[in-house]
Every structure is written in structure tokens, then in C-alpha cells.
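Let me begin by presenting the structure, written as C-alpha cells, before commenting on it.
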Amino acid sequence: MKNILFPFLLIAFFYQSNAQHSIIPIPVNYVANNNEFILDDQVSLNLQTKDEQVKKYTEQFQHFLKENGINNDVSTTKKGKKTIDIIINKKLQTELGNEGYTLEVNQNTIKLTAYESAGIFNGFQTLKQLIPIETISLDNNALNQIIIKGCKITDYPRFGWRGLMLDVSRHFFSVEDVKAYIDQMSQYKYNVFHWHLTDDEGWRIEIKSLPKLTEVGAWRVERYGRFGEDREAPKPGEKTPYGGFYTQEQIKDIVKYAADRNVTIVPEIDFPGHSMAALAAYPELSTKKEPKSVSPGFKFAEWYDGGTFKMLIENTLNPADENVYDFVDKVFTEVAALFPGDYIHMGGDECYHGYWDEDPKVQQFMKKNKIKNSHELQSYFVKRVEKIVSSKGKKMIGWDEILEGGLADGAAVMSWRGMKGGIEAAKMGHEVVMTPTTYAYLDYTQGDHSVENPIYANLSLEKAYSFEPVPEGVDAKYVLGGQGNLWTEVIPNLQFAYYMTYPRAFAIAETLWSPKENKNLDSFINRIENHFDRFDAENTNISKAVYDPKVKVYLKDNKLMCELNNSVPETEIFYSIDNTYPVKFAEKYDGPFEIPVGKLNLCTQTFQNGKAIGRELLIPRTELEKRAGK
Ligand code: ACM
């Protein structure tokens with residue numbers, strides 16, 4: 001009898017206990033108990049360690065509570081009956097690692113224990129998420145008490161590299177914006193901020209020995225319109241009011257701000273391609289040495305099938321020029337001194353070789369150095385850069401193009417064109433970070449194109465959630481982790497950056513932190529609703545595209561057919577194809593239907609308990625025909 005029932009009880013218990021929290025990323029182990037801890041002004045935050053970083057994290061939590069109407073002491077002696085105990089326990093090393101923690105919520109104590117300060121930081125993020133949303137909404141902090149449900153959590157990350165990348169070249173984000181972005185990601189236990197600091201559209205880091213990089217390279221003409229499509233090229237003598245850069249003092253401040261949130265910054269200086277801003281400052285570092293401007297996002301490349309392309313304006317450094325290596329050395333000397341982390345990212349992506357192929361001096365250089373083709377020439381450049389980076393005591397990481405022509409010893413690879421590059425590098429014993437476009441590109445739209453700022457590809461929340469960074473046949477020890485990348489060609493402000501980042505960054509956080517076997521899409525979709533409320537309470541933008549119907553059209557017997565879906569449970573989808581409104585009073589979707597011939601729109605929306613929860617999509621038949629390939 002006992003044996004028969006046991007598995008069912010276990011399953012029932014698992015679902016019951018998980019239903020009691022909305023923690024993202026889902027912890028390794030969560031067990032509910034029947035206690036309740038009442039958090040009010042009487043509770044003291046009891047620091048049982050002298051660790052300065054832990055003290056700082058505790059004060060951050062104290063500040064968070066204060067913002068929500070609760071005032072607590074931080075003390076090193078246990079005061080009063082009710083405490084939140086913060087404990088560093090060196091015996092926990094093996095189980096929890098540096099970033100894990102245990103969190104026990106009972107009637108009179110909350111006990112947060114870790115082996116290292118990073119674990120305490122992560123534990124506080126979980127504790128914040130255990131606080132019911134009703135008590136942290138903006139107008140509700142008159143309550144003066146927070147009820148936290150009893151539980152015991154044991155938690156630690158699957159991967160050590162849990163990153164988000166922010167491109168600050170296409171759009172310049174202020175120091176305050178960057179800090180806010182880092183603060184938000186740290187709450188979901190991301191620990192790497194990959195800072196894409198240079199590109200064709202702006203050089204954003206002060207290099208004191210090369211002042212023109214920011215005097216010239218940080219500024220461009222003002223343009224609106226679609227990036228890479230209808231923006232006009234700079235005119236001769238035109239003013240360059242748009243842009244900005246981070247001074248070295250500001251960078252030190254941001255590095256410290258990040259460290260105080262358990263985030264390490266990986267700076268990226270994108271060489272030898274994507275260098276138009278650097279070349280606007282120092283055109284002598286290109287083959288043609290022609291003067292040029294920082295790009296405002298005008299069309300200067302032609303793209304062909306298979307990801308090949310031609311740069312209509314030279315945006316690459318000249319790998320045959322010794323002065324280029326002196327330049328790179330100067331840049332990385334200052335970069336290495338500013339960023340205490342182990343890694344420096346040297347870019348290496350999308351480097352056009354056409355200007356190298358055309359240049360007689362480059363060809364001569366290749367002959368002299370027995371370099372057979374432009375891929376080998378790029379590899380020569382990457383290997384020289386790797387030597388420069390490692391001479392500064394850092395490890396070099398680059399986009400997967402650095403594999404072409406032969407990978408530099410010791411270089412780590414960031415795999416973005418799928419997982420192929422990562423697999424190849426890991427098989428050669430190199431470290432890899434997986435960040436494939438197919439699962440991790442946060443600049444791709446997440447909802448129907450009719451209601452999004454369009455870009456060339458789409459990545460749904462569900463697809464992002466299915467990301468698995470360790471491909472079959474790869475030794476997991478070479479996979480440092482993964483990362484979501486936010487390119488900002490069509491992202492002109494911080495709030496829209498949040499919209500594009502979340503909730504897909506929740507999905508990626510869960511992949512990178514939680515055990516693979518704890519991942520479950522239905523449970524995840526249930527938990528994100530609570531985080532929508534948290535973002536709403538903080539007036540922070542977040543995409544709710546997951547509520548929108550997913551429209552799939554196809555041709556069947558020459559008829560235009562339509563299928564509607566979404567992943568949110570207990571919802572109904574309504575639609576109309578007769579140009580009537582509102583859609584709530586039209587048809588309830590119960591299976592694929594035909595879109596009749598005529599000048600009409602598909603109108604569709606998702607409802608929950610009779611209330612609209614997704615956006616209303618309005619898509620002309622002509623557009624649907626295009627989507628079906630007609
Ligand atoms: C990249 O997306 N060009 C790395």
C-alpha cells in the first residue's frame with residue numbers, strides 16, 4: 001500500500017510546494033512548512049559575520065524593507081525575539097559553492113546561511129521574492145508588516161557565468177541607466193554584465209592615452225528612422241550632438257556598483273571589425289586611411305543569404321600595420337586596469353575582409369608571414385590580441401568568428417551563430433559561453449510583428465525558456481554558462497531595454513541557475529505573472545507578449561488557414577474576420593479556421609475570466625497572405 005501511494009504523494013507534494021512560491025530562477029530545493037514569519041519594525045537583522053560585503057548586502061536589504069515601510073536595525077548581537085540571522089558558514093563550501101545559500105523561514109527566525117558573501121546576496125534576492133507582492137506595491141506600504149510563508153530553501157547555481165549583454169554603442173545609456181540595468185539583472189541572480197562598449201555607432205570608454213577615441217568617436221550626427229534602412233549618412237561638416245562616453249572615474253564607480261550586486265563586468269572592445277567609431281578618430285589605422293564619421297545607423301553594409309555581407313565603408317583595423325597593435329595595446333592596458341574581472345572581450349565578429357584583400361601592403365604582409373588567406377590573417381590578428389590581453393593578466397574571450405583560421409591558445413569563445421562554434425571550441429578544450437541567436441538574442445521581437453518594434457527575427461518567451469547550454473557530446477566542464485544579448489539598434493531608451501529584456505531574461509536566468517530537472521514551462525509561466533506585478537509596482541516596463549495570441553497562418557487546398565495559440569493556462573482567445581469590434585463579442589477560438597477572401601483584417605485577443613489580458617492584434621489579410629508565403 002505504502003509503496004503504491006508514495007510516488008503519487010511525492011508528485012502531489014512537489015506541485016503543492018512549488019505552487020506556494022513564485023521564485024525565479026526556481027531554487028534547487030524548496031520545502032514549505034506551516035509557519036509564518038511576521039516581518040515588522042521589531043525584527044532585527046542579525047549579522048553573524050564580520051564580512052564587510054555581507055554587511056553591505058544586509059544594508060541593501062534593510063534599505064529595501066525601508067522603502068516598503070518597515071524599519072529594522074542591523075546589529076551584530078542578537079536583539080529581541082525575532083531576527084533575520086545572516087550567517088557565513090565555512091563548512092558549507094562543497095554543497096553550496098561560492099554563490100549558493102540556504103534560507104529557512106520559521107515563526108521567530110529567518111536564517112540565511114552561505115559559504116561566501118555572494119551566496120548571501122543571492123539569498124537576499126530570494127527572500128525579496130518571498131515577500132508577497134501585495135505588500136510591496138507602491139501605495140500599500142502603510143501596512144507596516146509583511147507576512148512571509150515558512151519554508152526551507154537550499155539553492156545554488158548550475159553555471160558560474162550567467163550573463164546579460166548590453167550594447168551601449170548603438171544607443172548611449174547614461175551611468176544611471178547602466179546601474180539600473182545591472183541592479184535589475186542582479187535580482188534574478190545574473191552575475192556577469194557584458195558591456196558592449198564600442199561599435200561603429202560610438203566609442204564609449206575613455207582611453208586617456210588615445211583621447212580622440214572619445215573626443216571624436218563618441219559622437220555622431222542625430223538621426224531618427226529605422227536603423228540600417230532609412231537613416232541618412234552624415235553630411236560633410238555636420239554637427240555631431242548625439243552620443244556620450246563613460247569617463248574612467250564613472251567606470252570605476254559602475255564596476256564597484258556591480259560588485260556590490262555580485263556582478264562582474266566583462267568589457268567588450270570590438271576589434272578588428274565594427275570599428276568605424278575608432279577609425280573616425282584614427283583613420284590611419286585602416287588600410288585606406290580615409291577620413292570617416294561615426295555611423296548614425298545609416299546603411300553601410302549589404303547583407304546576402306547565409307549571413308555573408310559586404311561593408312560599403314571600411315570599418316576594420318588593418319592587421320598588417322604594427323601601429324594597430326600599439327593602439328590595441330594602449331586600449332587594453334587601460335581597460336585591464338579598470339576592470340578587475342578575469343575576462344576581456346575582444347569582439348571579433350562580423351569582420352569584413354574585402355579591404356584587406358584589395359590592399360597591396362596587406363597582401364605583401366601576408367606573403368612575408370606565410371598567411372594563406374584572410375581568415376588566417378584574422379586569426380593572426382586575434383592571436384596577437386590574445387597575447388596583448390594575456391600580458392595584462394587577463395583571459396581573452398571573443399565571438400565565435402575567432403575560431404576561423406585557427407583559435408588562439410587560451411582564448412574562450414562566445415558562441416552566437418548557434419551552438420556550433422561553442423561545440424567546436426569546447427571539443428578543443430577551450431572555455432565557451434553559449435549565447436545563440438536562436439535562444440538568447442533579446443533584440444529579437446517577442447510578440448506578433450503587428451504590435452512590436454519590428455526587427456528581422458523573433459524569439460518567443462517559450463523558445464527562450466527551452467535554451468539548453470550544454471549540447472550533447474560536449475563536456476559540460478568547458479561550458480562556463482550562457483548569456484542573453486541585448487543589441488540596441490532599435491532600442492532608444494532604458495524602459496524599452498527592460499521591455500525587450502524581460503521576461504525572456506527570466507527564462508534564461510532559470511536555465512543558467514536552476515537544475516535542468518527543475519525546469520518546467522507551465523510552472524515558469526505561472527510564476528512570471530507575479531513578476532509582472534512586481535515590475536508594474538516599480539513602474540518598470542516588461543513585455544507581456546506571452547499573453548498575446550500566437551498567429552500561425554498556412555495554405556491548405558489553396559485556402560488561407562489560421563491557427564491561434566498561447567501558453568497561458570485558463571485563457572480564451574477570441575477573433576473576428578468580419579471587421580467587427582470589439583473582438584470579445586466575436587468568435588471564441590476552438591481550432592484552425594479559414595480566413596475568407598476579401599479586404600479584411602484578422603482581429604484577435606486573449607481573455608482570462610472575461611478580462612482582456614493580451615493586446616488586440618489587427619492584421620490585414622494581405623499581411624497574413626505574405627506570412628503564409630502566398
Ligand atoms: C553579433 O551578434 N554580431 C555577435
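Predicted model only: the values in this text are computed from it and were never measured. Each ligand, and each atom within it, is numbered from 1 in the order the structure gives.
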List the closest protein heavy-atom neighbour of atom 3 (N) of ligand 1: residue, atom name, distance to the nearest 0.1 Å.
D349 OD2, 2.7 Å
Check whether Y439 forms a cation-pi arrangement with K463 (NZ or CZ under 6.0 Å from the six-membered ring centre, at most 45° off the ring normal).
yes
With the threshold set at 4.0 Å, does a side-chain nitrogen-carboxylate oxygen contact exist between D253 and K179?
yes
Pull out every atom of ligand 1 sitting under 4.0 Å from any heavy atom of [X], numbered as shown with elements.
| X | answer |
| --- | --- |
| W487 | 1 (C), 2 (O), 4 (C) |
| Y441 | 1 (C), 2 (O), 4 (C) |
| E350 | 3 (N) |

Sole residue of E489, E201, E238 in salt bridge (charged side-chain N to carboxylate O under 4.0 Å, His left out) with R223
E238
So if I apply the salt bridge (charged side-chain N to carboxylate O under 4.0 Å, His left out) rule between E510 and each of R162, K519, R527, which one comes out positive?
R527
